[in-house]
Amino acid sequence: KAGVTQTPRYLIKTRGQQVTLSCSPISGHRSVSWYQQTPGQGLQFLFEYFSETQRNKGNFPGRFSGRQFSNSRSEMNVSTLELGDSALYLCASSLQGPSTDTQYFGPGTRLTVL
Amino acid sequence: DQQVKQNSPSLSVQEGRISILNCDYTNSMFDYFLWYKKYPAEGPTFLISISSIKDKNEDGRFTVFLNKSAKHLSLHIVPSQPGDSAVYFCAASAKGAQKLVFGQGTRLTINP
């Protein structure tokens with residue numbers, strides 16, 4: 001069974017631009033979560049989707065948004081990029097959700113903001 | 001507020017010996033705990049998990065211990081192998097919260 005895939009793997013943007021990252025979960029998984037990893041900050045939870053509905057959201061500004069499609073694929077968008085948004089963005093999927101099932105991670109998208 | 005803490009940023013262990021990674025948490029609502037391993041430029045890989053109704057779970061060389069009264073979690077790797085060198089994250093989830101809270105990670109280095 002194919003794992004979680006994320007595209008693109010690397011992205012370079014400039015301040016003020018916006019970016020869209022994509023995530024395809026493991027087949028049959030309906031829950032998709034997004035995390036931001038920065039040096040010294042560990043993994044910070046962004047949001048979680050299940051059946052196209054956002055069930056939980058982390059403590060990030062409104063510039064960070066996401067959505068999930070009927071096939072469980074998910075996208076996250078960051079508008080008006082800031083230098084501090086440079087990070088590894090990780091997507092994870094699970095059958096029903098991270099409270100009950102193991103989450104499996106994709107390889108991540110490395111975003112660099114110049 | 002760091003609800004999950006890994007107080008050792010790094011740990012060095014000799015090949016063949018036991019590696020013990022520790023994790024403390026503050027939220028008594030956490031009832032599901034996991035350990036992930038991460039290599040550079042890759043996403044975290046799931047290692048082992050434990051529910052709060054248990055105090056120990058084993059999978060091959062990996063054993064996780066949970067001490068609920070101390071709010072303490074540990075991962076034992078025995079014997080340690082060079083391929084175990086990576087960053088290890090502990091994570092916790094509360095029932096219904098639908099999110100994982102991660103620790104800062106511990107970099108484990110296995111020396112030959």
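Every chain is numbered from 1, with letters handed out A, B, ... down the list of sequences. Quantities reported herein were computed from a predicted structural model and do not represent experimental measurements.
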**Student:** Return the OG1 to OH distance between B:T45 and A:Y104, rounded to the nearest 0.5 Å.
**Tutor:** 11.0 Å
**Student:** For B:H72, give me all partners under ring pair (Phe, Tyr, Trp, His ring centres under 6.0 Å), at least two apart in sequence or on another chain.
**Tutor:** none
**Student:** Given the rule that I, L, V, M, F, W and Y join up when any side-chain heavy atoms are under 4.5 Å apart, are A:L111 and A:L90 in one cluster?
**Tutor:** no
**Student:** If hydrophobic clusters are built from ILVMFWY residues whose side chains come within less than 4.5 Å, do A:I26 and A:F50 share one?
**Tutor:** no
**Student:** Answer with side chain, backbone, both or neither: which region of B:L100 has an atom nearer than 4.5 Å to a non-hydrogen atom of chain A?
**Tutor:** both
**Student:** Does the ring center of B:F102 lie less than 6.0 Å from the ring center of A:F45?
**Tutor:** no
**Student:** Is it the backbone or the side chain of A:R9 that comes under 4.5 Å from a heavy atom of chain B, or both, or neither?
**Tutor:** side chain
**Student:** Chain B contacts: which residues in residues 52-70 of chain A have a non-hydrogen atom closer than 4.5 Å to it?
**Tutor:** A:R55, A:N56
**Student:** Quick check on A:Q6 against chain B: is it the side chain, the backbone, both or neither that has a heavy atom closer than 4.5 Å?
**Tutor:** neither
**Student:** If you tally heavy-atom pairs under 4.5 Å against chain A, which of B:G105, B:S93, B:P44, B:A41 wins?
**Tutor:** B:P44
**Student:** When rounded to the nearest 0.5 angstrom, what is the spacing between OG1 in A:T102 and CG in B:L47?
**Tutor:** 11.0 Å
**Student:** Clusters formed by hydrophobic residues whose side-chain heavy atoms approach within less than 4.5 Å: which one holds A:L95, and what are its other members?
**Tutor:** none
**Student:** When rounded to the nearest 0.5 angstrom, what distance separates CG in A:L43 from NZ in B:K38?
**Tutor:** 7.5 Å
**Student:** Is the count of non-hydrogen atoms from other residues, nucleotides or ligands lying under 6.0 Å from B:R61 atom CZ greater than 12?
**Tutor:** yes
**Student:** Given 3.5 Å as the limit, does a donor-acceptor pair link the side chain of A:S99 with the main chain of B:Q98, or not?
**Tutor:** yes
**Student:** Can you say whether B:K99 sits under 4.5 Å from chain A via the side chain, the backbone, both, or neither, judging by heavy atoms?
**Tutor:** both
**Student:** Hey, quick one: are B:F65 and B:I20 part of the same hydrophobic cluster, counting side-chain heavy atoms closer than 4.5 Å, chains of contacts allowed?
**Tutor:** no
**Student:** If a pair satisfies ring pair (Phe, Tyr, Trp, His ring centres under 6.0 Å) and one of its residues is in residues 5-28 of chain B, list it, with sequence neighbours excluded.
**Tutor:** B:Y25-B:F33
**Student:** Side-chain heavy atoms under 4.5 angstrom apart, residues restricted to Ile, Leu, Val, Met, Phe, Trp, Tyr: same cluster for B:F46 and A:V32?
**Tutor:** no
**Student:** Do the ring centers of B:Y36 and A:F105 come within less than 6.0 Å of each other?
**Tutor:** yes
**Student:** Can you say whether B:A94 sits under 4.5 Å from chain A via the side chain, the backbone, both, or neither, judging by heavy atoms?
**Tutor:** backbone
**Student:** Do B:F89 and A:V4 sit in one hydrophobic cluster, given that two such residues count as connected whenever their side-chain heavy atoms are within less than 4.5 Å of each other, even indirectly?
**Tutor:** yes
**Student:** Using heavy-atom distances under 4.5 Å, tell me whether A:Y35 contacts chain B through its side chain, its backbone, both, or neither.
**Tutor:** side chain
